[in-house]
Amino acid sequence: QAQAARQAEAMAAMERERAGQRLLQAFAAAPSASYNWRESSTWQNGVIRIHMAHWELKEEHWTQWLHWMQNEWTRRSAEYTWAISTMDLSYNVLTPPAIEKICDFLDGKLVCHSFNFSNTSLCDQGLIRLVLHLASTGVTEHLNISDNKEITFTGVSWLFTILSWHPLYPSLANNKQGRPVYSPLKVKMENLGFETSELNTYLDSNEFKLLCTSVTVGSSFKSQFDGPNPKKHNVVFQLDIGNASESRRILNPYSMVKCSDQSMVMQTPRPFRHNWFARKPTHQRLEPQVVFEDYDLMVITKPPWWHCTNCDHGPEVLRQVHDELDSPNHRKELVEKLLLKPGTAALHDYIILRFGRDPLLAGVLNKEMLWGLIHRLDAGTSGCLLVAKNQEAWEMAKKDCYTQRFVRDYVALVHGSVRLHCRGEYREQHRGLISAAIDRTPYNWKRRVEVTPSGKGEASQTQYECLAEYQSASGFYYTLLHLRLLTGRTHQIRVHCEHIGLPLVGDHEYARGRPPFDPKVKYCQRPFLHKLRFVFPNRRGDPVSILLPLEDQPDLHAVLSQLQLVEVFDCPATAPAAPAAPAAPAGGAAPRSIWHQSSSQRQVFIPSAQIFGPWVAYYTSSSRVHHPSLRCPLSNFNAW
């Protein structure tokens with residue numbers, strides 16, 4: 001396990017080093033040009049305004065300009081903490097390498113509130129890289145990508161998918177009156193490489209509903225919760241798609257407090273492969289379930305108490321599977337032993353026993369390729385994992401993992417209150433970025449990592465937002481957090497939560513600063529940490545979203561049912577003045593609401609995505625219906 005972790009860390013470090021070397025080499029090899037770069041921007045009182053429209057720049061010119069910007073920023077960095085108010089690069093040529101260089105320069109140095117990339121030959125690859133940068137900052141308010149015919153709906157679907165259910169969007173800023181308001185990202189997207197009708201079809205689709213995001217088209221949005229202490233709403237996008245489009249609002253019921261459209265309450269999709277065993281009282285853990293599969297990739301759930309350690313006995317298990325005398329019944333017996341085993345069981349053993357005879361996975365079922373697993377989860381963490389089915393898919397998915405193309409959203413219950421117990425700069429910050437290097441050196445003998453005051457270790461970033469605050473009958477405070485990983489370090493969320501003074505409920509390894517034992521709450525026997533949402537690109541580059549509801553984790557759900565809701569930090573665009581459960585649709589059962597009454601008649605807040613699942617969101621336009629990589633009928637992949 002330590003060797004595999006060191007290998008993954010080394011590969012990630014090499015990738016970052018290569019990116020830096022490419023940028024330096026590009027700077028050194030940049031040709032001279034007759035441009036006065038001082039005219040490209042104005043620097044005043046900590047604000048940078050970049051205005052380079054119609055300069056007709058090409059890729060080689062961007063390298064030279066970035067070299068100048070780097071020197072200028074270094075020279076002026078002692079004066080102010082600089083931020084870019086406007087970056088207007090319209091009517092130039094922005095290739096994917098140029099976008100990569102621009103975003104590499106901005107990452108960690110500067111934030112930008114407004115981008116104008118209209119008529120720049122921007123393509124899907126460049127747009128996705130730009131959106132990943134927007135997701136890492138959470139402050140952008142305007143984005144203009146009009147008149148770029150190379151942008152297809154794949155790029156736009158990534159825009160929606162990455163920024164939806166984001167801890168830092170919609171962005172919080174002061175309006176003209178100086179009051180804080182949550183403002184949607186204003187996206188101008190006229191004349192792209194697809195018809196407006198395809199966008200309208202997508203906005204009306206079930207997949208878009210599963211993003212838990214609201215959109216206005218051609219009109220502005222004013223939240224009814226604006227004020228001195230505004231509530232976050234879920235209107236993330238304000239779209240401008242041209243004068244010919246009809247103004248409309250697609251207001252999704254973010255928290256299901258009030259739902260006028262019950263069409264999103266549907267049956268759970270059928271599994272791709274049925275489980276071998278039904279749950280028995282003697283089982284110590286649930287059997288993993290396949291929730292998505294195509295020719296190249298497979299997503300399986302990881303219930304708690306399965307560990308992802310690369311065990312030495314994996315090859316021996318594989319040898320038994322390939323034994324001519326081995327039978328399916330014998331493999332099932334071995335799987336049931338894993339379900340009955342006390343403590344933890346090896347997920348690799350389950351993968352080998354369940355899929356070892358599948359010829360499609362023969363190329364990745366080996367110790368060097370981690371038995372097909374692309375990433376891991378801690379033994380006590382529930383969620384889903386991506387499994388590659390062939391070597392090419394494994395290499396592609398590993399690259400996507402190292403370049404942060406995955407979206408990983410978690411929900412966690414922590415001890416304490418942000419306004420009372422957070423440390424230092426995080427006190428009373430209900431959402432933000434935890435940026436603290438993680439030192440993995442002590443892991444081999446202490447089984448835990450550290451955040452050191454010296455900043456030793458690998459750069460690590462976690463975005464967070466408070467969903468709700470609770471109080472127990474004993475007066476202890478708890479906070480429900482939504483977290484998104486920007487990096488993927490060992491135990492990152494657990495050590496970051498401990499670092500800011502809010503250790504996870506049920507986590508005994510990262511418990512510094514934890515309050516005394518609460519006699520009125522029966523805790524779960526594992527860290528209260530669940531991977532709620534996972535997004536990854538398939539072979540064609542389309543985003544596939546997996547939503548695993550918190551409600552399907554009964555031990556975590558039971559902890560929340562013992563707590564009294566004190567405050568909710570967000571409100572849906574469709575919320576009424578007071579919470580009320582939605583009425584049952586005609587001819588069907590009432591939809592599950594985030595507002596439940598426990599046995600003591602107390603309100604319990606569950607994250608909005610819990611209503612769905614498990615769900616697979618996968619949008620395919622009519623032009624891709626017969627793509628050969630689809631293993632199953634299209635109906636299995638559409639958003640259910």
Side-chain angles (χ1 to χ4, degrees), residues 4 8 11 15 124-125 128 152-155 157-158 161-162 207 269-274 288-302 308 310 318 347-348 350-377 383-408 488 531 533-548 614-621 623-640:
M11 293 181 67
E15 185 66 28
D124 288 342
Q125 183 181 349
I128 293 171
T152 69
F153 196 78
T154 295
S157 62
W158 272 106
T161 303
I162 292 176
E207 185 206 9
R270 68 170 181 83
F272 284 78
R273 304 190 192 214
H274 292 283
Q289 178 185 355
V290 178
V291 294
F292 173 85
E293 185 175 6
D294 61 15
Y295 271 127
D296 301 298
L297 299 168
M298 179 168 58
V299 177
I300 62 173
T301 61
K302 192 204 83 68
C308 300
N310 199 355
L318 184 63
L347 182 64
H348 300 87
Y350 176 83
I351 292 174
I352 295 169
L353 293 170
R354 182 70 196 273
F355 309 113
R357 287 291 187 94
D358 190 335
L360 292 176
L361 279 78
V364 296
L365 287 182
N366 56 72
K367 188 175 181 179
E368 291 70 26
M369 303 186 74
L370 305 176
W371 313 103
L373 280 176
I374 304 302
H375 52 139
R376 306 180 184 187
L377 289 174
C384 62
L385 294 170
L386 186 63
V387 179
K389 299 172 64 176
N390 54 68
Q391 183 174 354
E392 186 178 357
W394 190 86
E395 294 172 351
M396 175 194 71
K398 273 292 184 182
K399 181 180 179 182
D400 291 333
C401 182
Y402 294 141
T403 55
Q404 307 302 325
R405 285 284 299 274
F406 294 165
V407 178
R408 294 159 290 184
K531 191 175 184 179
R533 179 175 178 247
F534 175 53
V535 181
F536 64 94
N538 64 6
R539 189 67 167 271
R540 297 192 304 277
D542 298 318
V544 181
S545 300
I546 310 295
L547 305 176
L548 298 180
W615 292 100
V616 180
Y618 186 97
Y619 185 81
T620 305
S621 65
S623 60
R624 304 175 192 146
V625 167
H626 302 293
H627 195 280
S629 71
L630 291 178
R631 179 176 182 181
C632 303
L634 180 65
S635 59
N636 294 336
F637 292 90
N638 280 333
W640 287 286

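It should be emphasised that the depicted structure is a prediction, and the values quoted were computed from it without experimental measurement. Values below: all heavy atoms of this structure, side chains included; hydrogens, waters and symmetry mates excluded.
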- Query: If every non-hydrogen atom of Gly356 is compared with every non-hydrogen atom of Leu365, which pair is closest and at what distance?
  - Reply: CA-CD1, 3.6 Å
- Only counting residues at least two apart or in another chain, list the ones meeting ring-ring contact (aromatic ring centres under 6.0 Å, His included) with Phe406. His375, Phe534
- Query: Heavy-atom count around Gln391 CD within 6.0 Å, excluding the residue itself: above 12?
  - Reply: no
- Charged N to carboxylate O under 4.0 angstrom, Arg539 versus Asp296? yes
- Note on the structure: Of all heavy-atom pairs linking Ile351 and Trp371, the shortest is CG2-O, 3.8 Å
- Query: Sub-3.5 Å donor-acceptor pair from the side chain of Asp124 to the main-chain atoms of Thr152, do we have one?
  - Reply: yes
- Message: Please check this pair: side chain of Thr301 against backbone of Pro288, looking for a donor-acceptor N/O pair closer than 3.5 Å.
- Response: no
- Query: Taking all atoms of both residues into account, what is the closest heavy-atom pair of Trp394 and Gly372, and its distance?
  - Reply: CD1-O, 3.9 Å
- Task: Look at the side chain of Trp158 and the backbone N and O of Gly541, then say whether any donor-acceptor pair between them is shorter than 3.5 Å.
- Result: yes
- Item | Interatomic distance, Arg408 atom CZ to Cys384 atom SG [nearest 0.5 angstrom] | 11.5 Å
- Task: With side-chain contact (heavy atoms from CB on, under 4.5 Å) as the test, would you mind laying out the steps for Val291 and Ile300 before giving the verdict?
- Result: CA-CA 6 Å; Val291 294; Ile300 62 173; over 6 Å; no
- Task: Please check if atom CD in Gln404 has more than 12 non-hydrogen atoms from other residues, nucleotides or ligands closer than 6.0 Å.
- Result: yes
- Lys302 side chain vs Leu377 backbone, donor-acceptor pair below 3.5 Å: no
- Message: With a 4.0 Å cut-off on N to O distance, would you call Arg540 and Asp294 a salt bridge?
- Response: no
- Query: Any side-chain heavy-atom pair from Leu373 and His348 closer than 4.5 angstrom?
  - Reply: yes
- Query: Between atom CD1 of Ile546 and atom CG of Leu385, what is the distance when rounded to the nearest 0.5 Å?
  - Reply: 11.5 Å
- Note on the structure: Tested for side chain to side chain contact (heavy atoms under 4.5 Å, CB included) against Arg405, the lone hit among Ile162, Val535, Asp400 is Asp400
- Please report the shortest heavy-atom distance between Arg533 and Ser545, naming the atom on each side. NH2-OG, 4.4 Å
- Item | Closest approach of Leu548 to Lys531 (non-hydrogen atoms, all atoms of both residues) | CB-O, 4.1 Å
- Heavy-atom pair of closest approach, residues Ile374 and Lys398: O-NZ, 2.9 Å
- Report yes if some heavy atom in the side chain of Leu360 is under 4.5 Å from a heavy atom in the side chain of Asn390; otherwise report no. no
- Task: Test side-chain contact (heavy atoms from CB on, under 4.5 Å) on Met298 and Leu361 and set out the steps.
- Result: CA-CA 10 Å; Met298 179 168 58; Leu361 279 78; 4.0 Å; yes
- Item | Beyond-backbone contact of Lys389 with Val364, side-chain heavy atoms, under 4.5 angstrom | no
- Task: Kindly indicate whether the side chain of Asn538, heavy atoms from C-beta on, has any atom under 4.5 Å from the side chain of Pro543.
- Result: no
